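Fair warning: this is a prediction, and the values are worked out from it, not measured in the lab.
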Amino acid sequence: NHSKYIFWISVLLIWTISTLFDRLWWNFYSSTPSWDQADYLNSALDHARALSFMGGKLSVDFSSLLDKSPKIPPLASIVNGAVIAFAGDDPHDAAWSLSLWNGFLIFNIASWGLYLRGRKFALLCVLITAFSPFLFHLRTDYVLELPLVSAITFYLFHLGKWSDQSCGGKWIQLIIAAIACALSLLIKQSSLLVIIPSLLFIFFLSLKKDKKFRLQLLCLVTINILTVLPWFYHNW
């Protein structure tokens with residue numbers, strides 16, 4: 001137990017150090033002109049106001065809320081809007097949402113590495129993730145790629161746990177995998193580039209599994225269709 005606490009404290013420390021580097025960049029070296037080229041910040045602000053995160057009463061019903069995300073699913077904008085409500089809407093302050101998504105990614109990587117090979121492997125993976133130049137670029141640009149990478153990592157990890165022949169197949173694992181898949185879909189449609197091949201792989205794998213596993217796979221697909229259907233139907 002003692003070594004377990006040390007491991008997670010180490011992961012937290014790595015995330016803190018990477019966040020410190022990000023904040024130094026934002027505060028001293030960032031350039032505002034390239035900010036929000038795809039209107040993601042504006043979308044987050046719109047959702048924050050609509051959901052009363054930034055004061056006032058709830059101003060929209062469910063249908064009106066879906067109107068605010070006609071092209072991109074709304075989940076990241078809702079989360080980012082909640083962060084903006086606390087941190088502020090200045091670009092440097094709004095970027096705290098990226099730090100939170102980065103923390104979500106790092107702790108998912110740590111959990112996945114721990115599951116596969118143990119603490120040393122997991123820490124190595126976390127270090128690579130935290131100090132990768134490519135991921136640093138995603139953490140310092142207000143786009144949806146970092147939330148998407150974080151959610152997809154969460155999804156693949158729990159999909160793998162559920163489909164693990166030795167210790168998978170549990171309903172609670174399926175529910176977590178379904179939630180993770182839904183989160184990915186509700187952040188950006190490009191998540192399908194990962195979700196569709198992974199589900200095809202699981203489908204072929206299910207041909208060698210029992211009826212319970214095939215039923216669980218059907219439930220996973222059904223849950224995610226029902227999750228994304230309201231937004232998709234409203235904005236079709």
Quiz prompt | Worked verdict on W112 versus C125 for side chain to side chain contact (heavy atoms under 4.5 Å, CB included) | solution = CA-CA 9 Å; W112 201 351; C125 294; over 6 Å; no
Practice problem: Check step by step if side chain to side chain contact (heavy atoms under 4.5 Å, CB included) holds for D22 and L98. | Solution: CA-CA 9 Å; D22 295 348; L98 297 174; over 6 Å; no
Quiz item: Given L205 and S163, is the side chain to side chain contact (heavy atoms under 4.5 Å, CB included) satisfied, shown in steps?
Solution: CA-CA 9 Å; L205 185 66; S163 59; 4.1 Å; yes
Exercise. Could you check S198 against L156 for side chain to side chain contact (heavy atoms under 4.5 Å, CB included), going step by step and ending with a plain yes or no?
Key: CA-CA 8 Å; S198 66; L156 289 176; 4.3 Å; yes
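By the ring-ring contact (aromatic ring centres under 6.0 Å, His included) test, F201 is found to be paired with no residue, residues two or more places apart in sequence or in another chain being considered. Residues meeting the ring-ring contact (aromatic ring centres under 6.0 Å, His included) test with F104, sequence neighbours left out: F154. Residues satisfying the ring-ring contact (aromatic ring centres under 6.0 Å, His included) criterion with W162, sequence neighbours excluded, are F213.
Summarising the geometry of G169 relative to Q216, their closest heavy-atom pair is O-NE2, 2.9 Å, with the distance given to 0.1 Å. Residue Y142 comes nearest to A44 through the heavy atom pair OH-CB, 3.8 Å, listed as atom of the first residue, atom of the second, then distance. Shown here for F203 and L217, the closest heavy-atom pair between the two residues is CA-CD2, 3.7 Å. Among all heavy-atom pairs drawn from D141 and W26, the shortest one is N-CZ2, 4.1 Å. Listed here is the closest heavy atom pair of Q189 and K71: NE2-O, 2.6 Å. For the residue pair D93 and G88, the shortest heavy atom distance occurs at CB-O, 3.7 Å.
Atoms CD1 and CG, on I6 and L13 in that order, are 12.5 Å from each other to the nearest 0.5 Å. Within the model, atoms CZ of R139 and CG of N102 stand 4.5 Å from one another, a figure rounded to the nearest 0.5 Å. Between the CG atom of L193 and the NZ atom of K188 there is a distance of 10.0 Å, given to the nearest 0.5 Å. Distance CG/L185 to OG/S190: 10.0 Å, rounded to 0.5 Å. To the nearest 0.5 angstrom, L199 atom CG is 7.5 Å from N224 atom CG. Expressed to the nearest 0.5 Å, how far CD1 of I202 lies from CG of L207 amounts to 11.5 Å.
Under the 3.5 Å distance criterion, the side-chain polar atoms of T140 are matched with a main-chain donor or acceptor of H137.
Side-chain contact between L135 and L105 is present, with at least one heavy-atom pair separated by less than 4.5 Å. Proximity of Q165 to K209: side-chain heavy atoms (C-beta onward) are separated by under 4.5 Å at one or more points. Using a 4.5 Å heavy-atom cutoff, the side chains of C181 and L159 are not in contact. Counting heavy atoms from C-beta on, the side chains of P74 and W231 come closer than 4.5 Å. Between C219 and L174, the closest side-chain pair of non-hydrogen atoms falls below 4.5 Å. Side chains of F131 and F136 form no contact here, defined as non-hydrogen atoms less than 4.5 Å apart. Side-chain atoms of W101 and L138, non-hydrogen and from C-beta on, never get closer than 4.5 Å to each other. Inter-residue side-chain proximity for I72 and I187 is flagged as unmet; no heavy-atom pair is nearer than 4.5 Å.
Applying the 6.0 Å contact sphere to CZ of F21 captures no more than 12 heavy atoms from other residues, nucleotides or ligands. The environment of CZ in R117 is sparse: at most 12 heavy-atom neighbours from other residues, nucleotides or ligands sit within 6.0 Å. Around atom NZ of K212, more than 12 heavy atoms belonging to other residues, nucleotides or ligands sit under 6.0 Å away.
Note that R119 lies outside the cation-pi zone of W8, set by a 6.0 Å cut-off to the ring centre and a 45° limit from the axis.
Side-chain atoms of S191 and Y155 form no donor-acceptor pair, as typed in the model, at a separation below 3.5 Å.
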